[in-house]
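Scroll down for the structure; my scribbles are underneath it.
Just so it is clear, the values below take in all heavy atoms, side chains as well, and ignore hydrogens, waters and symmetry mates. Throughout, protein chains are lettered first and strands after them, A, B, ... in sequence-line order, and every chain is numbered starting at 1.
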Amino acid sequence: MALRLHGIIGRSDDAAYAGRLHHVEHHGGIELLFVPPADVGRKRFRLTTDRGTDCAVSLDRDEELVDGALLFLAHDRAIIVRFGEQESWRLRPADQAAALKLGWNAGNLHWRVRFDGDCLVVLLDGPLETYRARIKPLLESREVGEVDAVR
Amino acid sequence: MSRIALRSATAEPQIAAARVGIGGPVGSGKTALVERLIPALLTRGIDIAVITNDLVTAEDAERIRRSGLIDPARVSAVEAGACPHTVIREDPTLNIEAADELERRFPGVELILLESGGDNLASTFSRDLTDFWMFVIDVAGGDDIPRKRGPGVIRADLLVINKIDLAPHVGVDLDRMHREALGVRGERPVLLTNCRRGEGIDAIVDLLEREVLFRT
């Protein structure tokens, strides 16, 4: 039987919960619910904690899941969300023309991206090699350079 | 303490309806699947509503309203006016508003099906819009579709291979297609259906009950 959880009680690093969480931790009652990067935007999901608790989680439409979200708190047990590591790929176009081409490709390929100064940071949902293959001509011509690929 | 416990103590409004997307190429059987899911969900006592997306008409919504399967007032239409993916991924505002409106008009609705207009293999749903989404392909579209690794095939929470009854007539090795689909999806769910005869529908509802409605 799943533990049905709805909504975020608070953040585990909030001072308001520090005392209670310390008590729970002292009794070995902290459970971590690891959420993969691709699932972070969900409002409903079913995942199992590191201690094997099957959790059926829903959020209100205006709630955003955060790393450290406190979903359950009892005197001897707490369930805290931990995000899985998001792999990213940082690309720097050589000039404005290359930036336009890179942006055009990323948009058409529906990549999830963030902007960081003169770099485009691609949030990876699959193997890096499959991403590289999509813009191989831009990489080979050095119009776009790979700054790094990190977890 | 969880927010559910707090909710029961303070009599807040109930939890919002689950939103389930159905996407896939033109002619793969999305509307036929909706027509099969409606009675199957209702039989299990699940309170539902439907949103359909079309390019510039309400064709699919009218088809479902006329079907007699569901109160026509519970079926809303969204006209994309552009490529279907624009209103389920890039800017799903029209669909979000349609779903919110259905929830306002029908308090207690538990599940809203959102059918996308027919698109290509790159079609995906925004997580802002749906809690779970399935991608429908069919054997007559070619048994090489899973191998092409389109984002719809890869990223959907559930891949449905429809029209399995046609496999022998179009030269498709269904077992291989199924195996390859599981392979490209990392063993995430792939279910087989024949919507014309209602085959495979219960397995989809079982999955929705477990993964989305948390009934089992």
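- Contacts between A/Asp54 and chain B at a heavy-atom distance below 4.5 Å involve the side chain alone, from C-beta outward.
- Proximity to chain B (any heavy atom under 4.5 Å) is restricted, for A/Arg61, to the side chain, taken from C-beta onward.
- Contact annotation for A/Ala2: neither backbone nor side-chain heavy atoms come within less than 4.5 Å of a heavy atom of chain B.
- Interface residue A/Ala38: only backbone heavy atoms are found under 4.5 Å from chain B.
- Side-chain atoms of A/Arg42 come within 3.5 Å of backbone atoms of B/Asp131 as a donor-acceptor pair (strictly under, hydrogens ignored).
- There is no contact between B/Ala99 and chain A, counting heavy-atom distances below 4.5 Å.
- Contact detail for A/Asp39 and B/Arg127: the closest heavy-atom pair is OD1-NH2, 4.2 Å.
- For residues 148-157 of chain B, heavy-atom neighbours of chain A at less than 4.5 Å comprise B/Arg155, B/Asp157, sorted by residue number.
- For the ring pair (Phe, Tyr, Trp, His ring centres under 6.0 Å) test, no residue two or more places apart in sequence or in another chain qualifies with A/His26.
- Atom CZ of B/Arg104 is surrounded by more than 12 heavy atoms from other residues, nucleotides or ligands within 6.0 Å.
- Atom CZ of B/Arg215 has more than 12 heavy atoms from other residues, nucleotides or ligands within 6.0 Å.
- Interface summary for chain A: among B/Gly186, B/Ser126, B/Ala122, B/Ala18, the most heavy-atom pairs under 4.5 angstrom belong to B/Ala18.
- Separation of atoms CZ (A/Arg44) and CD1 (B/Ile15) is listed at 7.0 Å; rounding is to 0.5 Å.
- Proximity to chain A at a heavy-atom threshold of 4.5 Å picks out B/Arg89, B/Glu90 from residues 80-90 of chain B, in numerical order.
- More than 12 heavy atoms of other residues, nucleotides or ligands lie within 6.0 Å of NE2 in A/His23, so this atom counts as buried by the packing criterion.
- Of the possible donor and acceptor atoms, one in the side chain of A/Arg46 sits under 3.5 Å from a partner among the backbone N and O of B/Arg210.
- For the ring pair (Phe, Tyr, Trp, His ring centres under 6.0 Å) test, no residue two or more places apart in sequence or in another chain qualifies with B/Phe132.
- The two residues A/Phe45 and B/Phe214 have their closest heavy-atom pair at O-CZ, 3.6 Å.
- Within 6.0 Å of CD in B/Glu59 there are 12 or fewer heavy atoms belonging to other residues, nucleotides or ligands.
- Taking NZ of A/Lys43 as the reference point, atom CG of B/Leu129 lies at 12.0 Å (rounded to 0.5 Å).
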